[in-house]
Amino acid sequence: MEERVKKIIEACLKEKGTNPIDIFYNLAQMDFVRIHGPEHHVLDGASLLTAFYNAGGNIDLPSSLNELMKRGLQMPGATCGMWGVCGAVSSMGAALSIIDGTGPLTSDASWGKHMEFTSKALYSLSQVGGPRCCKRNAFLSFQKAIQYINENYDVELEYNNIECCFNEKNEQCIKGKCPFYKKPKKKVAFICVHNSCRSQIAEALGRHLASDVFESFSAGTETKPQINQDAVRIMKELYGIDMEKTQYSKLITDIPSPDVAISMGCNVGCPFIERGFDDDWGLEDPTGKSDEEFKIIIKEIESKILQLKDKESMI
């Protein structure tokens, strides 16, 4: 354990940012930091101290981090369940104590204000509930700690919206009940016969207009040597998208198994998902037709992509 926290301290001294959550993310993804564990009793407060110092806070960072390490090593694991006090909150409370030089006999306002911080942080943890998650507890504590520091010191810590990237490693993840849970994006496949025109347009517009909601793929039961050149030209004209840079004609076995499969209207089978299509857009093939007819189909695909985005956003 001591070796783990020494590495945390060494890593903090190399960080230059003023966002403690970003510093936490950088360190928490290193191989010596487990998904859960008492190393967080040092990591969390150390990230806060480092950001505070980098933002102009008046502390000696190496000595402050060493003091936090001593205190963090005294806290046993599982304090959240065994003692009713989360180690993440205690770590950040210790960091504030180090910043202010607060001790048990301190008579100034810092003694009570630190208690107020930890009580608010613990309350935010209690509202989410268990089982414990060292990452979720840290994020909730950081929210209160950043607010506290920005209100009480002549520094400004950065803050950004938090999306957890650790859920797949946490067997007890509460998923959608966690305020930081990043919902996995669905994979949407647009299927045509040759995967050269309509399905390629749908993939491109899906990436362009709905990448925040789902991942877009396209494929066919057969392939063509290249994407329809009229489609390429008109998509560049309308959207500035060069489909040939990132797309090519593919078989349905060349893309990931989709969560949603959509037929462009070609009456193709879809054995690779072992079920029928989720929707058939019934689009006319504009190949060999005028630019105006091409644009009508492209705009129809755009409208359907946006409808699909709205539908998936609500699920």
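As the structure is a computational prediction, the values presented were derived from the model and not from experiment. What you see below is based on every heavy atom in this structure, not just the backbone, and it leaves out hydrogens, waters and symmetry mates.
- Side-chain contact check for Phe166 versus Asn170: every heavy-atom pair is 4.5 Å or farther apart.
- With hydrogens and angles ignored, the 3.5 Å screen pairs a side-chain donor or acceptor of Thr50 with a backbone N or O of Ala46.
- Rounded to the nearest 0.5 Å, atoms CG (Leu140) and SG (Cys86) are 9.0 Å apart.
- Closest non-hydrogen pair, Ile227 versus Gln247, comes out as CD1-O, 3.6 Å.
- Separating the CZ atom in Phe24 from the CD1 atom in Ile8 is a distance of 9.5 Å, to the nearest 0.5 Å.
- Between the Thr18 side chain and the Glu156 main chain, no donor and acceptor come within less than 3.5 Å of each other.
- The hydrophobic cluster containing Met115 does not contain Ile98, counting ILVMFWY residues as joined when their side-chain heavy atoms lie under 4.5 angstrom apart, directly or transitively.
- A cation-pi arrangement is found for Lys250 relative to Tyr248, the charged atom lying closer than 6.0 Å to the ring centre and inside a 45° cone about the ring normal.
- The structure places CD of Glu300 at 9.0 Å from CD of Glu284, a figure rounded to the nearest 0.5 Å.
- Placement of Leu283 and Ile296 in two distinct hydrophobic clusters is found when ILVMFWY residues are connected by side-chain heavy-atom separations under 4.5 Å, directly or transitively.
- Annotation: the span from Lys236 atom NZ to Glu244 atom CD amounts to 6.5 Å, rounded to 0.5 Å.
- A distance of 12.0 Å separates CE of Met235 from CG of Asn228, quoted to the nearest 0.5 Å.
- The aromatic rings of Phe180 and Phe139 stand perpendicular to each other, their planes meeting at an angle above 60°, with 30° marking the opposite boundary.
- Ring-plane geometry between Tyr239 and His208 is classed as perpendicular, the angle between the planes exceeding 60 degrees on a 0 to 90 degree scale with a lower cut at 30.
- Contact check for Asp259 versus Phe214: no side-chain heavy atoms found under the 4.5 Å cut-off.
- Proximity of Lys144 to Met92: side-chain heavy atoms (C-beta onward) are nowhere separated by under 4.5 Å.
- Within a 6.0 Å radius of CD in Gln229, other residues, nucleotides and ligands contribute more than 12 heavy atoms.
- At least one donor-acceptor pair under 3.5 Å links the side chain of Lys309 to the backbone N or O of Leu209.
- Taken to the nearest 0.5 Å, the CD atom of Glu203 stands 10.0 Å off from the CD1 atom of Ile305.
- With a 6.0 Å radius and a threshold of 12 heavy atoms from other residues, nucleotides or ligands, Lys182 has its NZ atom at or below the threshold.
- Panel note: side chain Ser64, backbone Asp60; a donor-acceptor pair is recorded below 3.5 Å.
- Closest of all the heavy-atom pairs between Leu68 and Gly45 is CD2-C, 3.2 Å.
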